[in-house]
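Below: one structure, written as structure tokens.
By convention in this document, chain letters (A, B, ...) are assigned in the order of the sequence lines, proteins followed by strands, and residues within each chain are numbered from 1.
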Amino acid sequence: MTSGPYNYSYIFKYIIIGDMGVGKSCLLHQFTEKKFMADCPHTIGVEFGTRIIEVSGQKIKLQIWDTAGQERFRAVTRSYYRGAAGALMVYDITRRSTYNHLSSWLTDARNLTNPNTVIFLIGNKSDLEAQRDVTYEEAKQFAEENGLLFLEASAKTGEHVEEAFLDTARKIYQNILDGSLDLNAAETGVQHKPSAPDSNQANLEPGGGKDSCSC
Amino acid sequence: MTEKEISVQGSSEGSTTSNPLSRKLNKILETRLENDKETLEALKALSTFFHENSLRTRRNLRGDIERRSLSISEEFADVFSIVKNAARDQTADLINKTTDLQKESQKLDMRAKVADAFLAKYQLKTEEVRVLRGTREGHLHEDFFQALNRVKQIHNDCKVLLRTNQQTAGLEIMESMALHQETAYERLYRWTQGECRSLTSDTVDVTSIHCRAMEALQDRPVLFRYVLDEFGTARRTAVVRGFIDALTRGGPGGTPRPIELHSHDPLRYVGDMLAWLHQASASEKEHLISLLRMATAQRPVSESGPLDICNKYPSLQQDLRELVRVEQVIVAEPGPMVLYKLANLLKFYKYTIGQLLNKEAALTSTLSEMEEFAQKVFFNALNVLASKLVEKVELPPADLGPTATLSQTLSLLQEILASHDSSVVSMDLREQDFARILTSVLDPLMQMCSLSASRLNPADMATYMINCLHAMQTTLSLYEYTDQRLEMLQAQTDAHVDTLVNEQASFILSRTALLQIYSIALQHKPEEGPLASLTGLNTSAIKDGMTHFDGFLATPDNYTLPQCNFLQSTAIREKIHQRAMNLIQGAYELLYKAIHNPDNQYQEPNSIMVRTPEQVKTLLS
């Protein structure tokens, strides 16, 4: 019996935000389908994708909400920050304006998510080195000042895409283990399956994690 | 003899064993014939036929004995052959019997094997029966489903039996299997129902056994549906609890803030609730897919696929309707603008959530209803506004410009259209709304303008209407899907422009005292005699008129109809001026030709009308 795709111990909710055309949907597509989607249409409102990953031997299902970058959807997409365990904030390294808007995105993310939400800054289109408009160092510094994880990635080549999504999950999982993310609270963006049905060994660890949470 | 004995004894001391003769002798000597039974017996037998001990008889003894032996043997053979025959007769029967029995035994062996195979195929093992029956509250395991499959298999195989002459067996087995099945399904149903009932936590812990259970229950559609209902009820509890948490508790430590805190901001409030529902729907759909992942593999998705999700959550809608206070927000009448945005927001979510769920899903239809309701209230608000326009008609202001009401209404319309532009709703959906909004607002506006213009003189009315229409056109021209409306407005404007052109031309002609002359000349027919003879058309009257006309040619601006100066659109003002001048020039040309026509008997026509029509045209253009 194949129960692979249904066998996971946690669900983490992500949200992807950032200006129009920075490649949010392409990053998601690259992550879930491992393919680059050329001619990606504008996202209407919000869409979502899922993928199961493994962090420290734990199967985790990522439920990723991809928001529209267009200003007219801003009011709608704001409602989706609620209950995100991870927020991927994307800018385009070849367009400075998308980088300049980061502080406004960050304000939204901070105000509308819970305090434990892991925010990951992604400088997309790293394959277009010749057209670079924002230096790595500059963005790195911005990320450090604001306590964000940071990577430059390319939805086209797939470079660092996997890492960005996985590092976010690792950080969230770390927060669960050290107890800073309380699974009993509502709207943490993390759902935990009390017992993974088909893998006993996977059961051991989250049990320990849970104990440390509940105290 | 003695010597011999001695010598034998003497020699026996040395070679007793080595001398066969002495050995033989010894043996004979030692023989005690009276003790030798065989010899005695032989002698006894010999004495029965050896009566005469003579040399001859002794010589023949061997032959006699042999003959005797032969005859005895023959006699024995004769007797034995009789026995043999008798024995053969007797054993043949036995052998036949044995062979028969052996065959029988083989047959029975075969039967036993067949019967065993039959039983193996058509009967449950005791172990399986035990697993199927189980204890009343027992947990289900993999072996239960294997046994259940066996029962099903046997039940099916019986159909083969029914086609042979083993119908009785077939029917009986089917009956007993059906009984097993019923018991098993009953147990399966109770168990699954109980399991589903407990799936009320945020995350559904769907195990592979749950999936097997759902797969097996597919054969009992009624039970299948009951179990799904139970699942739906459980999930409803979970979703409602989560929703209430989001509404009232928010995230850990109150961040993100509870949705209720935004209830003063209708759009945010409704938007947050609907976004939450969208996300919950996505998660619940996944739960259902995961529960039915094996069940759906065997039947078309449309039949009982996950798309049915919301139909499986029948009572969820009731709660949501009570919880989602969209209707209350709408009823609170937050003004047409907010209502409109709300309707669009609902339309957006109807579309977005509709992509996730199927068309018949209760949530989608609830959203549809809410959206229609918001639309209805929005258009009601517009209609109320519109009827107020018509009820309280203002008089046109002194400058004949659009009234304040018109401007306010237009700016509301503009706001609506602008929000439409930035709306989250797709293009084609927008177009439908447009026509309706325009009708609801523009028609009463037109009516209001016509009403307030009704008591004005033609020039005032035309000017006022042109100004109002122009304001509407300006507003609409910025937006899509207004072409038809703009065309209608343009046609109405054109009619009023015509009026104003005529008014302007008559105004000039009457100010230059040429109006009467012109109209008589225009209607003059040759039978009425020469023009010069008609009253008011004598040379001096025309000359007098021409003097005034020269004054007009010198300063045409002084002869502009006052209303034309109130026209807000310069383009229209220009257009009217130009067309009026063309009319004047036409009138002049007509007069000029009439005066120069010898039939009309004017003396020195060149002194009466000094300028040629071409000169006038140049001056006026």
Side-chain angles (χ1 to χ4, degrees), chain A residues 1-11 13 15 44-50 61 63-65 67-68 70-85 109-117 180-198, chain B residues 142 201-212 241-242 244-246 248-259 262 267-280 282-283 286-287 289-291 293-294 341 344-345 348-349 351-352 355-356 419 421-426:
Chain A
M1 208 193 73
T2 55
S3 61
Y6 302 99
N7 177 20
Y8 46 86
S9 336
Y10 291 93
I11 300 176
K13 264 196 220 177
I15 183 168
I44 304 291
V46 274
E47 277 156 23
F48 89 105
T50 57
K61 179 160 197 167
Q63 193 184 72
I64 308 152
W65 293 84
T67 66
Q70 280 172 288
E71 183 60 34
R72 67 186 176 110
F73 287 112
R74 199 74 179 259
V76 166
T77 56
R78 277 196 183 117
S79 300
Y80 287 83
Y81 287 68
R82 160 183 295 282
R110 292 254 194 257
N111 289 341
L112 300 169
T113 60
N114 74 65
N116 292 305
T117 301
S180 56
L181 185 59
D182 179 6
L183 291 182
N184 295 320
E187 302 202 89
T188 54
V190 175
Q191 295 176 336
H192 178 221
K193 282 191 163 190
S195 62
D198 302 320
Chain B
E142 185 56 32
S201 65
D202 281 354
T203 315
V204 180
D205 182 24
V206 178
T207 65
S208 55
I209 295 293
H210 290 147
C211 300
R212 286 298 304 263
R241 192 185 52 227
I244 291 174
D245 277 354
T248 57
R249 279 176 58 198
T255 338
R257 302 205 291 168
I259 295 175
H262 301 289
L267 287 170
R268 169 117 195 235
Y269 183 46
V270 172
D272 276 5
M273 287 194 284
L274 293 178
W276 194 93
L277 283 181
H278 180 205
Q279 292 189 302
S283 296
E286 283 195 36
H287 295 328
I289 291 176
S290 115
L291 181 69
R293 65 198 185 227
M294 295 179 75
K341 285 183 174 165
N344 275 339
L345 195 65
F348 168 77
Y349 276 105
Y351 168 78
T352 307
Q355 284 182 310
L356 209 58
S419 94
D421 235 16
S422 66
S423 132
V424 288
V425 178
S426 70

>> Looking at Thr117(A) and Ala84(A), would you say the former's side chain and the latter's main chain have a donor-acceptor pair under 3.5 Å?
In response: yes
> Yes or no on side-chain contact (heavy atoms from CB on, under 4.5 Å) for Thr207(B) and His210(B), after CA distance, side-chain angles and deciding distance?
Replying inline: CA-CA 5 Å; Thr207(B) 65; His210(B) 290 147; 3.2 Å; yes
> So how far is it from Ser79(A) OG to Leu277(B) CG, rounded to the nearest 0.5 Å?
Replying inline: 11.0 Å
> In terms of heavy-atom proximity below 4.5 Å to chain A, should His278(B) be classed as side chain, backbone, both, or neither?
Replying inline: both
> Measuring heavy-atom distances to chain B, does Phe48(A) have an atom under 4.5 Å in its side chain, in its backbone, in both, or in neither?
Replying inline: side chain
>> Just verifying a value: how many Å separate Lys13(A) NZ and Ile64(A) CD1, rounded to the nearest 0.5 Å?
In response: 13.0 Å
> Side chain, backbone, both or neither: which part of Thr50(A) has a heavy atom under 4.5 Å from chain B?
Replying inline: side chain
>> Is any side-chain heavy atom of Ile209(B) closer than 4.5 Å to one of Glu142(B)?
In response: yes
> Is it the side chain or the backbone of Ile259(B) that comes within 4.5 Å of chain A heavy atoms, both, or neither?
Replying inline: both
> Using a cut-off of under 4.5 Å for heavy-atom pairs, which of Arg268(B), His262(B), Arg257(B) has the most such pairs with chain A?
Replying inline: Arg257(B)
